[in-house]
Every structure is written in C-alpha cells, then in structure tokens.
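Since we're looking at a predicted model, the values are computed, not measured.
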Amino acid sequence: MLNQQALDALKGKKALLAFSYGVDSTALFYLLEEKGVEFDLALVNYNSRKNSLTEELEARSLAAKFNKQIYVKSLNLSLQNLSNFEKTARDLRYQFFDEICLEFNYTHLITAHQLNDLFEWFLMRFSKGSGLVNLVGMSVVDKRQNYTIVRPLLDTSKDEIKAFLHSQKLKYFIDSSNSNTKFERNFIRESFSDKFVAKFSSGVKKSFEFLRSEKDILEGEFIYQDSEFFIVKNSPNAMNLIDKAAKKFGVVMSQKQRLEAKKECVISAKFSISYTKDRVFIAPYITPVMTKKFKETCRVKKVPKLLRGYISTRQKLLEFF
C-alpha cells in the first residue's frame with residue numbers, strides 16, 4: 001500500500017507524521033510502523049467539535065504506547081465561519097509543522113494524503129479552470145523550503161485504507177465536519193470523487209502516473225535553484241515553475257495570486273517574484289538595512305528592487321546579474 005519512492009525517501013531520516021487519528025493518518029501510522037519507519041507525531045486540535053479533546057487524549061496515549069514524541073497545538077477555531085475555515089485551518093496547521101520541524105530538526109514531514117484527495121484536488125481545480133500543472137497537484141515527494149513532504153499513501157484509495165483498518169481491527173475516529181457539504185471539498189467528495197475512485201481506482205492511479213510525467217515535461221527546469229532561491233526563464237511557461245517554487249515556500253497560489261505573479265510582487269509576505277527581460281527570480285522577501293555601496297551596485301547591475309534585500313544577505317548571487 002505504501003509508495004516505494006516515499007519509503008526510500010524516509011530511510012534514515014528524522015520524520016514527523018501529521019496525525020489526526022482519522023482514517024488516513026491512523027492507517028499510515030500502523031503501515032509505517034509495519035515497515036520499520038521511524039517517526040514522531042504532530043497534531044493540531046482545533047477544538048471545533050465535541051470529540052476534539054477525546055481525540056487528542058487518545059493520540060497522546062497512542063504515542064506513549066509506541067514510545068513516540070507527540071507535539072500538540074491547541075486552537076479555538078469555529079466551524080461557523082465556513083467561508084475560510086479550511087484555508088485558515090490549513091495555514092495554521094502548516095505553520096505549526098514548520099515551527100516543529102525547524103525547532104527539533106525534522107527533515108521530513110509525512111502526510112496521509114491519498115488517491116481520493118488527489119482526485120478531489122483535480123476536480124476542484126478543473127471546475128475553476130486550470131492547466132495541467134495545477135490539475136495534477138500533489139507529488140509523492142515534494143521538497144519545501146525547510147523540509148521535504150512525503151505522501152506514502154498518494155496511490156492508495158480510501159476504500160483500500162478502510163479495508164486495511166477493518167481487517168486489522170484498528171481504532172480510528174471520524175471527523176463529523178467531513179460530511180458537511182457546505183465545504184467545497186466535501187461537496188466534491190460526496191457528489192463525485194469518492195464514487196468515481198471506488199469504481200475506477202486502478203485507472204485513476206495510472207492516469208495520475210502519466211499526468212505527473214507529463215507535468216514534469218511541461219514545467220521544464222529551473223535555470224538555477226537552491227533551497228530558497230530560484231531563477232526561471234521568462235517565457236509563456238514561466239508560471240509553471242513559479243508555482244513550483246511557491247510550493248517550496250509552503251504556498252499554493254490562488255488564481256488571484258497567479259495573476260499578481262505576472263509582474264513584480266510579494267506573495268503571502270513570504271517571497272518575492274521579480275522580473276528582468278529574460279529571467280524571473282523567486283526569493284524570500286526580506287527588508288534588511290543595505291549600505292549605499294550595495295544599493296549602487298544593485299542599481300548598476302539592474303537588480304530588481306524587491307530582490308535586493310535578499311541579495312544583500314547572499315551577495316555571491318550578484319553573479320547572476
């Protein structure tokens with residue numbers, strides 16, 4: 001059930017599992033244990049449902065039973081604000097993961113995204129109008145700015161996951177908010193994706209394998225990249241690689257942000273996008289104090305203004321101008 005590429009990526013690494021005690025993360029917990037993968041747990045309790053505290057306490061108990069460290073963040077997030085609950089919850093969740101990985105030196109974050117999630121994303125993007133790169137969405141292994149995200153269940157359907165849990169008689173919890181079809185994702189899941197994947201799971205899996213290969217070809221390659229600085233050829237396909245770089249900063253750009261990114265801008269207060277005639281530069285957005293000499297050098301070399309703060313901390317990068 002677990003993707004071999006994902007297992008290879010986790011060998012000998014310090015990993016953190018994003019855990020909720022729901023269907024997917026519970027199955028992944030036991031499957032990783034079965035494979036001998038070492039990992040600790042991170043759980044966000046939104047306190048949005050009556051069972052939230054029970055699930056947190058059970059997760060703590062499970063961690064103790066298997067001698068694992070568990071990091072818990074308790075929030076108070078209301079389900080009443082349906083318009084932005086999912087986005088707010090995701091942003092807070094990944095902010096917490098970022099903090100834990102940085103503070104305790106975890107190099108890999110494991111998430112329990114599975115085939116149905118991948119198809120849901122596809123349908124949500126398809127319904128709004130998207131190109132191939134955005135339709136494909138998640139990858140099995142996805143390098144981010146501070147850690148690598150690994151998704152071992154991405155080729156496994158929800159039905160297969162449930163069958164595993166039931167065959168092993170393993171305990172898990174059902175998130176009641178997942179049945180609220182006022183959330184777009186839940187509506188797509190209930191109305192279309194789960195039924196389709198249940199009937200055509202092998203074909204859906206194979207299609208995504210082909211799509212991922214074609215996505216790599218369409219995206220092209222960075223002229224230069226390291227953990228936080230990227231250079232892209234300024235071409236009609238540049239947005240594909242800008243999207244890819246954005247994800248490494250933990251940002252999945254919206255359609256509005258993609259329009260903003262067609263010219264110099266700062267996205268989510270995290271990174272800047274700058275243009276020259278033939279190149280696009282993506283880098284962390286910072287505003288340090290710069291010397292007059294450095295500012296003059298940037299003016300002469302025509303370094304884009306939004307990029308200068310970052311370049312001032314890594315002046316070797318001036319060689320690209």
Side-chain angles (χ1 to χ4, degrees), residues 1-43 59 62-63 65-71 93-94 96-98 100-102 104-122 136-172 197 201-216 219 227 244 247-248 250:
M1 290 177 71
L2 299 184
N3 181 281
Q4 189 59 49
Q5 180 190 0
L7 291 174
D8 291 342
L10 291 170
K11 282 182 180 177
K13 301 300 192 299
K14 188 174 182 181
L16 188 68
L17 171 63
F19 190 72
S20 68
Y21 226 139
V23 173
D24 304 328
S25 64
T26 301
L28 184 52
F29 178 101
Y30 286 101
L31 287 165
L32 290 171
E33 274 292 298
E34 187 179 277
K35 293 292 184 179
V37 177
E38 294 186 7
F39 60 93
D40 290 319
L41 305 178
L43 180 145
L62 182 69
K65 179 180 177 181
F66 284 85
N67 195 30
K68 296 185 183 299
Q69 179 69 49
I70 183 169
Y71 306 92
R93 184 165 65 248
Y94 277 89
F96 177 55
F97 297 154
D98 288 349
I100 296 301
C101 287
L102 283 172
F104 298 100
N105 300 312
Y106 289 97
T107 60
H108 289 64
L109 174 68
I110 311 169
T111 70
H113 292 105
Q114 30 81 358
L115 187 63
N116 294 55
D117 295 323
L118 192 60
F119 192 54
E120 285 164 22
W121 173 267
F122 179 94
V136 175
M138 299 171 282
S139 302
V140 174
V141 178
D142 188 5
K143 291 186 177 181
R144 295 292 175 90
Q145 185 179 11
N146 297 317
Y147 52 79
T148 297
I149 295 181
V150 182
R151 304 179 177 95
L153 290 174
L154 203 57
D155 296 327
T156 306
S157 72
K158 192 82 166 184
D159 285 347
E160 291 175 286
I161 292 169
K162 287 181 177 179
F164 166 76
L165 289 170
H166 294 159
S167 69
Q168 302 296 312
K169 296 181 173 57
L170 296 172
K171 179 180 181 179
Y172 61 89
V197 174
S201 61
S202 61
V204 172
K205 176 181 175 180
K206 181 59 67 176
S207 291
F208 275 113
E209 290 175 4
F210 288 134
L211 288 170
R212 280 196 285 262
S213 296
E214 292 168 4
K215 172 188 173 183
D216 291 340
E219 276 186 331
S227 62
K244 188 173 183 178
K247 290 175 184 176
K248 295 181 186 295

K.L.:
Ion pair present between Lys158 and Asp24, side-chain N to carboxylate O less than 4.0 angstrom?
P.N.:
yes
K.L.:
How many angstroms lie between CG in Asn146 and CG in Asn105, if you round to the nearest 0.5 Å?
P.N.:
11.0 Å
K.L.:
Please confirm whether the backbone N or O of Asp142 pairs with a side-chain atom of Ser139, one donor and one acceptor, at under 3.5 Å?
P.N.:
no
K.L.:
Which heavy atom of Leu16 sits nearest to which heavy atom of Cys101, and what is that distance?
P.N.:
CD2-SG, 4.2 Å
K.L.:
Does any N or O in the side chain of Thr156 come within less than 3.5 Å of the main-chain N or O of Met1, such that one atom is a donor and the other an acceptor?
P.N.:
yes
K.L.:
Is there a donor-acceptor contact under 3.5 Å from the side chain of Ser25 to the main chain of Ala112?
P.N.:
no
K.L.:
Tell me every residue that passes side chain to side chain contact (heavy atoms under 4.5 Å, CB included) with Val204, counting only those two or more places apart in sequence or in another chain.
P.N.:
Leu115, Phe119, Phe196, Phe200, Phe208
K.L.:
Phe97 and Tyr147: aromatic ring centres closer than 6.0 Å?
P.N.:
no
K.L.:
So which heavy atom on Val197 is nearest to which on Asn116, and how close?
P.N.:
CG1-OD1, 3.5 Å
K.L.:
For the pair Leu62 and Phe19, evaluate side chain to side chain contact (heavy atoms under 4.5 Å, CB included) and give the outcome as yes or no after the intermediate values.
P.N.:
CA-CA 11 Å; Leu62 182 69; Phe19 190 72; 3.7 Å; yes
K.L.:
Looking at Lys162 and Asp159, is any side-chain nitrogen of the basic one under 4.0 Å from a carboxylate oxygen of the acidic one?
P.N.:
no
K.L.:
Tell me whether Arg144 contacts the main-chain N or O of Lys247 through its side chain, where contact means a donor paired with an acceptor under 3.5 Å.
P.N.:
yes
K.L.:
Could you tell me which non-hydrogen atom of Thr111 sits nearest to which non-hydrogen atom of Ala18, and how far apart they are?
P.N.:
CG2-CB, 4.4 Å
K.L.:
Pairs in or reaching into residues 109-121: which pass salt bridge (Lys or Arg N to Asp or Glu O under 4.0 Å), with residues at least two apart or in two chains?
P.N.:
Glu120-Arg185, Glu120-Arg189
K.L.:
Are the ring centres of Tyr30 and Phe164 closer than 6.0 Å?
P.N.:
no
K.L.:
Tell me the salt bridge (Lys or Arg N to Asp or Glu O under 4.0 Å) pairs involving residues 27-36, sequence neighbours left out?
P.N.:
Glu33-Lys68
K.L.:
Check whether any side-chain N or O of Lys215 sits under 3.5 Å from a backbone N or O of Gly137 as a donor-acceptor pair, and report yes or no.
P.N.:
yes
K.L.:
Scan Lys206, Lys205, Arg212 and name whichever one has a salt bridge (charged side-chain N to carboxylate O under 4.0 Å, His left out) with Asp155.
P.N.:
Arg212
K.L.:
Calculate, to the nearest 0.5 Å, the distance between atoms OH and OH belonging to Tyr71 and Tyr106 respectively.
P.N.:
3.0 Å
K.L.:
Quick one: does Lys248's side chain have a donor or acceptor within less than 3.5 Å of a partner on Lys143's backbone?
P.N.:
yes
